[in-house]
Amino acid sequence: MNQYPHLLSPIKIGKTTVKNRVFMPPISTNLADHGYVTEELIQHYTARAKGGVGLIVTEVTTVEPVYTYLPGDMSICDDSYIPGWKKLTDSVHQYGAKILPQLFHPAFVAFNIPGTPRFIAPSNVGTYYSKEAPRAVTVEELKVIIRQFGEAAGRVKQAGGDGVEIHAAHAHGLLGGFLSPLYNKRTDEYGGDIDGRLRLTLEVIQEVRKVCGEDFIIDVRISGDEYTDGGLNLNDAVYVSKQLEKAGADFLHVSGGTTIMRGSAIPAPGTPMGSHVKMAEEIKKHISIPVATVGRITEPWIAEELIANGRTDICMIGRANLCDPDFVTKAEQGQIDSIRPCIGCLRCLNGIMFGNRVSCTVNPSLELENEENIKEAQTKKNVLVIGGGPAGMEAAYVAKKRGHHVVLCEKEEALGGLVRLAAVPIAKQDLTKVIKYMTKKLEDAQVDIRLNCTVTEEMLKTEFKDYEVIAGTGASPVVIKPFTGFKQWMTADDILSGKSFPGRKIVVIGGGSVGCETADYLAPLINDLFPRNREIIVLEMMSGVMLNESGPGRSLLVQRMMKKGVEMICNAKVERVEQDKIYYSKNGQEYCIDDADTLVFAVGYKADPQLEETLKACGVNYHLVGDVAKLGNIKDAVTCGYQVAKDL
């Protein structure tokens, strides 16, 4: 029985029928080569088409050669790009999916490659990270750009593409910037009121339609609300949507927010799924063409609900399809527990600005060879995996899939390692899905899992003699011995695991991710000076908290801490501790906290060298994975486990 009849039903877009309502929105991959389609790019999108996606909107595709959006993004600015696009569209079409590039002019958000001319913009208003104010584009230049959009769309049609998406959302790029009052301060026919600001987008639509005809999909991406004072609001978006329909758009891709207001356009982990659906729902009431919503739609049930309840016609599902290319097929077959869970961490886009390839915390195999088609090992081995954290679990699964005999030993009563604790803080609950998914994967692969099992030297010499060992025993929190003289001390892990319970006034040493998440977890939900509220102080030696993190997750966490009244003292070094006093220095002065109840250590982790020494003493062939090899995050651990087992 089909659990998702609305989500998996066909939909008519213009003159084209799409087989289901799961569309994949643009996600930059950096897999193109100077704008040209590569074999990896073809395989990337083909995997999602094969996995059941109805329609794919590719990443940003630039329409002219002067300005670059990202180092590895796509282009179709001249005819030399057509052959690659033809290979891509043919490959995607063999699985019944439709494909549209997202046509884009980066303008004032272009990548600042040496030799690039001064950026253009609607007005001389740049983003907060601009190094100089852009210059206002001239009307004569706009006429050329409009023609370039039309010519680019014509090449898409020539290459067999089904249509184009025109990006006018997020106050981003040329069209989004023109539409938004945040950036458009013009007083000519392309500025002023909403009709002036919208004019450029309407003229682009008209040009594309003139070049490509009626049987070519034109989708426009807009922000239903920019969620920003002075920006577009929902009233504006409803009016804009009506004009876009009149101009010939076939469907609207309704997003929200802006790219510079962190967490508004791309929602953070732990925030509600369907983050922009209120905008789509309202716009849908006022137009007759289909409306798509987007934003943290990571599970089939919520997509089905949004469509079944009449709130949207289409769900744009991006990161979940990146995480698991077979998302749709598994949903269709009722294999919900087998869908690789997207945790919304946004590590997929970490480093994209610096030319790094797209990646995924939970899916370490975004390559031509991956978990689904990994080659069997030529020589089958007996493999012992010590440690059931994410690195050990991934290593055990991949080793088993390659044909090795695998035994996984975990000293605790359940698998998951430190991820079980990482799931405890606010907005981190999705990590529980990772443990469930990885556990099921191991069970389905029939890996021999032994819980409450500490591997001893004797076992290595007897039962596991001649086994190749993969050790992923993780790391333990660092405790600063001279500071343990305080009357009550504990680690952040002690708190998150429920082993220790802190008092009312708490000092956390360490303002990295763990320290901040623990402070957020302990702080009162409402900063209302209620007498029994906890008081939290975070002491951080660096100039800011969580300096190794970026993105909306970090932003929302810091905002929550500020709202809750957590005191964050940076450039602060704890000098000494007495039984009831904590002394720290800042800017050459010493301060004393003499009324704290609990001291919490969140100053990092260290690996225990004992296991490696034992392995060496036993003379076994071994590999280290995860934190015991190199301290890192969950993505680092999973990727490390995958790579070691793949090369075994």
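If you're wondering where the values come from, they're calculated on a predicted model, not measured in any experiment.
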Flag, side chain of Glu64 to backbone of Val66, donor-acceptor distance under 3.5 Å: yes
If you count heavy atoms of other groups shown closer than 6.0 angstrom to CG of Leu182, is the number above 12? yes
Tell me if the NZ atom of Lys635 is crowded by more than 12 foreign heavy atoms within 6.0 Å. yes
Checking Thr46 side chain against Ile42 main chain: does a donor-acceptor pair fall under 3.5 Å? yes
Let me see the working for Glu39 and Lys87 under salt bridge (charged side-chain N to carboxylate O under 4.0 Å, His left out), right down to the final yes or no. CA-CA 9 Å; Glu39 183 61 29; Lys87 289 181 182 176; over 6 Å; no
Looking only at heavy atoms, the pair that brings Arg340 and Lys330 closest together is N-NZ, 4.5 Å
Within this structure, what is the CD1-CZ distance for the pair Ile426 and Arg560, rounded to the nearest 0.5 Å? 5.5 Å
Do side-chain atoms of Ser123 reach the backbone of Val125 as a donor and acceptor pair under 3.5 angstrom? no
Tell me which one of Ile289, Val220, Ile222 satisfies side chain to side chain contact (heavy atoms under 4.5 Å, CB included) with Ser241. Ile222
Below 6.0 angstrom between ring centroids: does that apply to Tyr69 and Phe104? yes
Nearest heavy-atom approach of Asp225 to Tyr227 is OD1-N, 2.6 Å
Could you tabulate the donor-acceptor pairs under 3.5 Å formed by side-chain atoms of residues 146-153, not counting sequence neighbours?
unit_1	atom_1	unit_2	atom_2	d
Arg147	NE	Glu151	OE2	3.3

Aromatic ring pairing His167/His172, orientation class (parallel under 30°, perpendicular over 60°, tilted between): tilted
Residues Met24 and Ile27: closest non-hydrogen pair is CE-CD1, 4.3 Å
Testing the basics here: between Ile120 and Tyr67, what is the closest heavy-atom pair and its distance to 0.1 Å? CG2-OH, 3.6 Å
Within 6.0 Å of CG in Asp193, more than 12 heavy atoms from elsewhere: yes
Any side-chain to backbone donor/acceptor pair from Arg347 onto Cys360? Under 3.5 Å, distance only. no
Examine Arg197 relative to Phe178 and say whether NZ or CZ is less than 6.0 Å from the centre of the six-membered ring and inside a 45° cone about the ring axis. no
If every non-hydrogen atom of Thr293 is compared with every non-hydrogen atom of Ala280, which pair is closest and at what distance? CB-CB, 3.8 Å
Separation between CD1 (Ile218) and CD1 (Ile205), nearest 0.5 Å, reads 6.5 Å
Quick one: OH on Tyr4 to CH2 on Trp301, what's the gap to the nearest 0.5 Å? 10.0 Å
Treating Asp326 as the side-chain partner and Thr329 as the backbone partner, does any N or O pair qualify as donor plus acceptor under 3.5 Å? no
Can you confirm whether more than 12 heavy atoms, excluding those of Lys436, are under 6.0 Å from its NZ atom? no
Is a side-chain N or O of Gln94 found less than 3.5 angstrom from the main chain of Asp90, in a donor-acceptor match? no
Would you call Ser255 and His170 a side-chain contact if the rule is heavy atoms closer than 4.5 Å? yes
Quick check: Tyr45 with Tyr95 (ring centres under 6.0 Å apart)? no
With a 3.5 Å cut-off and no angle check, do the side chains of Asp162 and His93 form a donor-acceptor pair? yes
For residues Glu304 and Gln3, determine if any side-chain heavy atom of one lies less than 4.5 Å from a side-chain heavy atom of the other. no
Tell me, yes or no, whether the heavy-atom count around Lys19 atom NZ, taken from other residues, nucleotides or ligands under 6.0 Å, exceeds 12. yes
What are the two closest non-hydrogen atoms of Phe216 and Val208, and how far apart are they? CE2-CG1, 4.1 Å
Might you confirm whether atom NZ of Lys185 has over 12 heavy atoms from other residues, nucleotides or ligands at distances under 6.0 Å? yes
Between Ser288 and Glu245, is any side-chain donor less than 3.5 angstrom from a side-chain acceptor? yes
